[in-house]
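A short worksheet on the structure shown next.
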Amino acid sequence: MKKAFFKKILALSLVSILGLTLFPSYERPVKADDFTCQPYKMPTQGTISSYYGWRNGSFHHGIDIPKSGDVPVYAAYAGIVSRAYYSSSYGNVIFIKHRGGTAETVYAHLKSFSVKAGDAVSPGQQIGYMGDTGDADGQHLHFEIHNPEWNSSKSNSTDPIPLLPDETTSPICWDGDLMKKGQIGRITVLKPINLWKRDANDKLTFVRVLNPGEVYRVYGYDDLYGGQYNVGSDHWITKMDGYIKYETPSKWRLDELKRIYP
Ligand SMILES: [Zn+2]
């Protein structure tokens, strides 16, 4: 009886000592996916030369990363290869489906690929080499992200930049995506809505129409133009009920982000 009691006390104090040392006093994440957060990775080495958006009168549905020599290309996210073949425009190209078919990435103009349809790939796994096959102007990787999947009009394409890591990316996960410095929330586009850029005098310039399903990190909000969310780099989305869904992370995540980036 006495022995059992002491055992219990010992166990309880161990739990509290471990609890105090291992876990700080802030709210802890509660969802299982908090521990399997997986950001997109850069799909190759090199510097981005061309961004997502209008370019010489046509829409560029991805980003271009040029580099000379033998340059490995990596899977940006865990997934299953949906296609790996030669197309006259994309050249040697790999398509990979992610997150149970809610996203698909495209790696175009490859010199060669080393995976085939049905292969499972892990993030950062080499899948081929950069090249200039197909309709390419010099050696580069053309990289696209689609939500939920690629189609021939590429209408599901999304800007890869907000999804790729940079020097402002924190180790804090929120529903599978990493939070970034200064982030206060996120917007999911529900109906097509305009993306605006503000100049130094807060004058608006139309950038493009955002597609349903696109997700943007939010860094601020103000009352101009009936209320707008700052989605980074002076880009803004107007608060319109039914067109966007705005969500905020838990206080724990916001506090942690402030601790990392005071
Ligand atoms: Zn391109």
Side-chain angles (χ1 to χ4, degrees), residues 39-77 79 81-99 102-115 117 121 123-166 169 189 192 195 197 205-211 213-217 231-233 235:
Y40 283 82
K41 287 187 187 299
M42 284 301 287
T44 190
Q45 304 147 6
T47 310
I48 298 167
S49 65
S50 181
Y51 288 86
Y52 181 90
W54 288 99
R55 190 177 70 172
N56 308 325
S58 67
F59 200 85
H60 188 224
H61 288 273
I63 55 172
D64 293 338
I65 309 172
K67 195 172 175 19
S68 55
D70 289 334
V71 189
V73 170
Y74 314 106
Y77 205 94
V81 175
S82 40
R83 283 188 281 174
Y85 68 112
Y86 179 84
S87 117
S88 57
S89 52
Y90 278 141
N92 289 321
V93 61
I94 299 170
F95 292 66
I96 303 175
K97 288 200 173 183
H98 314 281
R99 296 179 168 192
T102 58
E104 188 167 26
T105 50
V106 179
Y107 312 76
H109 310 310
L110 303 173
K111 183 187 290 170
S112 61
F113 47 76
S114 48
V115 291
V121 292
Q125 180 183 329
Q126 187 177 338
I127 53 175
Y129 279 100
M130 191 188 285
D132 60 355
T133 58
D135 190 7
D137 195 12
Q139 175 164 302
H140 72 283
L141 174 71
H142 170 88
F143 175 69
E144 300 175 0
I145 301 180
H146 301 264
N147 292 116
E149 62 185 0
W150 184 91
N151 59 34
S152 56
S153 62
K154 300 188 189 179
S155 62
N156 293 333
S157 69
T158 188
D159 186 352
I161 294 300
L163 299 169
L164 293 170
D166 63 24
T169 306
V189 178
L195 175 67
K197 187 164 179 135
T205 309
F206 169 75
V207 179
R208 63 187 178 88
V209 175
L210 304 177
N211 296 314
E214 289 188 41
V215 178
Y216 287 85
R217 294 185 178 91
V231 293
S233 310
H235 285 69

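Start at 1 and go down the list; that is how both ligands and their atoms are numbered.
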Q.
Suppose the criterion is salt bridge (Lys or Arg N to Asp or Glu O under 4.0 Å): which pairs have a residue in residues 52-65, not counting sequence neighbours?
A. R55-D64
Q: Could you name each residue pair satisfying salt bridge (Lys or Arg N to Asp or Glu O under 4.0 Å) that touches residues 132-144, not counting sequence neighbours?
A: E144-K154
Q) Looking at the rings of H61 and H146, which for Trp means the six-membered one, are their centres under 6.0 Å apart? A)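 Aromatic pair excluded; centres sit 6.0 Å or further apart.
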**Q.** Neighbouring protein N, O or S atoms of the Zn ion (ligand 1) [cut-off: under 2.8 Å, no waters]
**A.** H60 NE2, D64 OD1, H142 ND1
Q: Only counting residues at least two apart or in another chain, list the ones meeting side-chain hydrogen bond (donor to acceptor under 3.5 Å, both in side chains) with T133.
A: none
Q. T105 and H98: side-chain hydrogen bond (donor to acceptor under 3.5 Å, both in side chains), yes or no, with the steps?
A. CA-CA 8 Å; T105 50; H98 314 281; 2.6 Å; yes
Q. Hey, is E104 close enough to R83 for a salt bridge, meaning N to O under 4.0 Å?
A. no
